[in-house]
Amino acid sequence: MSFIIGPMRKHVNGHKELTSHGDIVKISAPKTIAIPLANGASDADLLVKEGDIVKVGTKIAQCNGKFTIPLFSSVSGTVKGVEKRMGAGLKQVDHLLIENDDQYTFEAPFAPIDFEKATREELFDFTMNAGIVGCGGAGFPTYVKYKFAVDVQLLIINAVECEPYITADYKEMHEHIEDLVVGVKAMVKMAGAPVAKLAIKATKKDFIPVLKEAFKDAKNIEVVAVPDVYPMGWERTLVYELTKKRYERLPIEVGCVVSNATTAIALGQALTKGKPIVEKIVTVSGDGIKKPTNVLTPVGVSAHDIIEQIGGYASEDVLLIAGGPMMGKTINTDAFVITPSSNALTVFINKEVREIACLRCGKCSDHCPAGLQPVRINNAAKANNIDALKKSTANYVLTTVLNVVCVHTSVLQRLM
């Protein structure tokens, strides 16, 4: 902790008790599902046509832009065509429509491999062809993170899940701990790291011994308890917690690679079962939901269908967020669908909030995880002083930092 910039983090009430102990509800896919033909800014080339019969796991498209990202069907049935719809990223994107035959016939699109016998290059290619992307919300292609990393000293598996309300990672680890072990070990090999640390909140006292037992034969993989504060799950905060080092752009600058625990599980399932990411555990929570819970849903099912199957909204006037309350995006429709990187739907009753003007108390500066001075940034923005804005935000991307730090007042009030 710095005397000048404060602790740069804060404990918040995450309201995780709403979903952390209940059973996972299995969601039935509707008669027609819609799979987004894009990943981030990369559009996909379609590999099937209207009338084609597909199975769960059929490769339906592939993004061939800067990175290679294949996409797979999450149901078996008949291709009905392509339709442009609103995506979770608030952009209109093409969606492949598939008429679900309710049989869920599975066909592995690739063969499992033994990661212990495979070379690093073979693992890079396998991870790429399996379509493994960051499952914590970012959706960044996993193979890229490892293929181009040089001189890795520490692999960090992020199981912190510090975003309020979300417990999907926690549930995933409970349900698939064997896949987690395989995935983490494979990631250690891909990274070429001498040691790995799986970071989880110290408050998970019952689950930490389970994880340690699961990894007991892996001498170079350590389960590490970290403080229950926000944003401990942010790469910069977590890397500093474990290494006491800071970096400008990427963790590899200080010898680290960071992957989400759910991403490791997805890799483990691909390696052992030949299964791509065709279903997700998603947390549906908030005071705007009648029955907050975690659901197991096929990719391509809409937020509307999921919420309807678990009991519906608690009010006619709600705010629906694709993701968590801190880093998610509020969307004015529930027609958007779950993607391979989705992890939560957060729903709040829309209430009027009386905002208070800045009192210059300095607490935002104390707790800012990026060490910024929000008051100075605000003043520079009001004065349209571009040079001061660049200086105030150092080398960080302004919009990303403000998403982490300057949370809407109504969300803060729900958490404090």
On the 0 to 90° scale, with breaks at 30° and 60°, tag the Phe67-Phe140 ring pair as parallel, tilted or perpendicular. perpendicular
Relative to Phe148, does Lys145 satisfy both conditions: NZ or CZ under 6.0 angstrom from the six-membered ring centre, and within 45 degrees of the ring's axis? no
Expected output: side-chain Thr263 to main-chain Ser259 donor-acceptor under 3.5 Å: no
Taking the side chain as every heavy atom from C-beta outward, state whether Leu154 and Lys197 have any pair of such atoms under 4.5 Å apart. yes
Test item: side-chain donor near acceptor, Asn294 and Tyr170, under 3.5 Å: no
Donor-acceptor check, side chain of Thr142 to backbone of Ile132, threshold 3.5 angstrom: yes or no? yes
Salt bridge or not between Arg9 and Asp366? Use side-chain N to carboxylate O under 4.0 Å. no
Any donor-acceptor pair under 3.5 Å from Tyr143 side chain to Ile69 backbone: no
Does the side chain of Asp169 come under 3.5 Å of the side chain of Asn343 through a donor N or O and an acceptor N or O? no
In terms of heavy-atom contacts, does CD of Glu253 have more than 12 from other residues, nucleotides or ligands at under 6.0 Å? yes
Derivation and outcome, side-chain contact (heavy atoms from CB on, under 4.5 Å), residues Lys31 and Glu99: CA-CA 6 Å; Lys31 190 60 180 175; Glu99 186 177 90; 4.1 Å; yes
Are more than 12 heavy atoms from other residues, nucleotides or ligands located less than 6.0 Å from atom NZ of Lys189? yes
With a 6.0 Å cut-off on ring centres, are Phe124 and Tyr146 close enough? no
Is it the case that the side chains of Tyr230 and Thr237 hold a donor-acceptor pair, with the cut-off being a distance below 3.5 Å and no angle test? no
Decide whether Thr339 and Ser341 meet the rule of one side-chain donor and one side-chain acceptor closer than 3.5 Å. yes
Answer yes or no: does atom NZ of Lys117 have more than 12 heavy-atom neighbours from other residues, nucleotides or ligands under 6.0 Å? no
Does Val93 offer a backbone N or O that forms a donor-acceptor pair with the side chain of His95 under 3.5 Å? yes
Do Pro36 and Val337 come close enough that some side-chain heavy atom pair is under 4.5 Å? yes
Salt bridge check, Glu279 against Lys275: does any charged N sit closer than 4.0 Å to a carboxylate O? yes
Treating Glu163 as the side-chain partner and Met326 as the backbone partner, does any N or O pair qualify as donor plus acceptor under 3.5 Å? yes
Can you see which heavy atom on Phe207 is nearest to which on Ile200, and at what distance? CD2-CD1, 3.8 Å
Are the side chains of Thr58 and Ile53 in touch, meaning some heavy atoms are under 4.5 Å apart? no
Donor-acceptor pair, distance only, cut-off 3.5 Å: does the side chain of Glu241 make one with the backbone of Leu238? no
Spacing of CD belonging to Glu161 relative to OG1 belonging to Thr283, to within rounding of 0.5 Å: 6.0 Å
Can you confirm whether Phe106 sits close enough to Ser76 that some side-chain heavy atom of one is under 4.5 Å from a side-chain heavy atom of the other? no
Verdict with reasoning, Asp217 to Lys185, per salt bridge (charged side-chain N to carboxylate O under 4.0 Å, His left out): CA-CA 11 Å; Asp217 68 332; Lys185 288 181 177 179; 3.3 Å; yes
Could you check whether Arg85 pairs with Asp94 (Lys NZ or Arg NE/NH1/NH2 to Asp/Glu carboxylate O, under 4.0 Å)? no
Ala322 backbone acceptor or donor facing Lys329 side chain under 3.5 Å: no
Do Asn64 and Asp45 have a side chain donor and acceptor closer than 3.5 Å? yes
Is there side-chain contact between Ile277 and Lys280, with heavy atoms separated by less than 4.5 Å? yes
Would a 4.5 Å heavy-atom cut-off, applied to side chains only, mark Leu320 and Phe336 as touching? yes
